[in-house]
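One structure below.
Quick caveat, the model's predicted, so the values are computed rather than measured. Nothing fancy with the numbering, it's 1 onward along the sequence.
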Amino acid sequence: MRTFIAIELSEDIKSALDQVESHLKYSGADVKWIAKENIHLTLKFLGEINDAKCEKIKSILDTIAKSTKPFYISIKDIGAFPKIDYPRVIWVGLDKGAVESTELAGKIDSELAKIGFEKETRPFSAHLTIGRVRSLKNKQALKEKITGYQLPSASSPRFSVGIVTLFQSKLTPSGSIYTKLHESKFT
């Protein structure tokens, strides 16, 4: 089964991301927007695993969660990977919670390396993917919408993170379907 580890978002954060997406859609760019219910903070993509590996991952996540304190997440910046002039992925960054998310992703990466997963070569970037650019259609208009939009940080919703989740991802022609396999609660 194809899997990843992530933090689920609150409805308030998802609604704020929905507003950002609505603003960016006015660019007329060719973007496949991520369904609101599928937006999450990915901590580690695992790829294909078997049931035995899944049980080891659950155990590792439970151990990490026991030594992790809940923390708050809020959103701030909008950007694009690999860079704004050649966008492939449109993202919203974290304000509160960026440091804690990075530390959590690092712990997960280190512990999973002990059971055979490759360590990440790129530094972790605390971001929420909201869309994937499919073509260069209206690229300049999209760039202007991204750079011209300011998230209201003072009124940005925030929520307390207290769970890390192992998800299964099934790819379908109409998009990915995510199923929770395991939740590990922080102490």
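In this structure a side-chain-to-backbone donor-acceptor pair under 3.5 Å is present from N138 to G28. Between the side chain of K53 and the backbone N or O of I115 there is at least one donor-acceptor pair closer than 3.5 Å. Although no hydrogens or angles enter the test, the distance criterion places a donor-acceptor pair under 3.5 Å between the side chain of T63 and the main chain of S59. Between the side chain of T165 and the backbone N or O of I7 there is no donor-acceptor pair closer than 3.5 Å. H182 contributes no side-chain N or O that, together with a main-chain N or O of K180, makes up a donor-acceptor pair within less than 3.5 Å. Looking at T3, its side chain does come within 3.5 Å of a backbone N or O of G47 through a donor-acceptor pair. Remark: the backbone N or O of F159 is not paired with any side-chain donor or acceptor of D12 at under 3.5 angstrom.
L128 and Y178 fall into different hydrophobic clusters, defined by Ile, Leu, Val, Met, Phe, Trp and Tyr side-chain heavy atoms under 4.5 Å apart, directly or through other members.
Rounded to the nearest 0.5 Å, atoms CE (M1) and CD (Q168) are 6.0 Å apart.
For K36, the side chain to side chain contact (heavy atoms under 4.5 Å, CB included) partners at least two apart in sequence or on another chain are E11, K14, S15, D18. By the salt bridge (charged side-chain N to carboxylate O under 4.0 Å, His left out) test, K96 is found to be paired with no residue, residues two or more places apart in sequence or in another chain being considered. Residues satisfying the side chain to side chain contact (heavy atoms under 4.5 Å, CB included) test with S125, not counting sequence neighbours, are F81, H127.
Classified by interplanar angle (parallel below 30°, tilted 30° to 60°, perpendicular above 60°), the ring pair F167/F4 is parallel.
A salt bridge does not link E100 with K69: none of the charged nitrogens is closer than 4.0 Å to a carboxylate oxygen. Salt bridge K107/E103: absent, no basic N to carboxylate O contact under 4.0 Å.
Counting only N and O atoms by type, the side chains of D62 and S184 include a donor and acceptor under 3.5 Å apart.
Across G97 and I73, no two heavy atoms sit closer than the pair CA-CG1, 4.3 Å.
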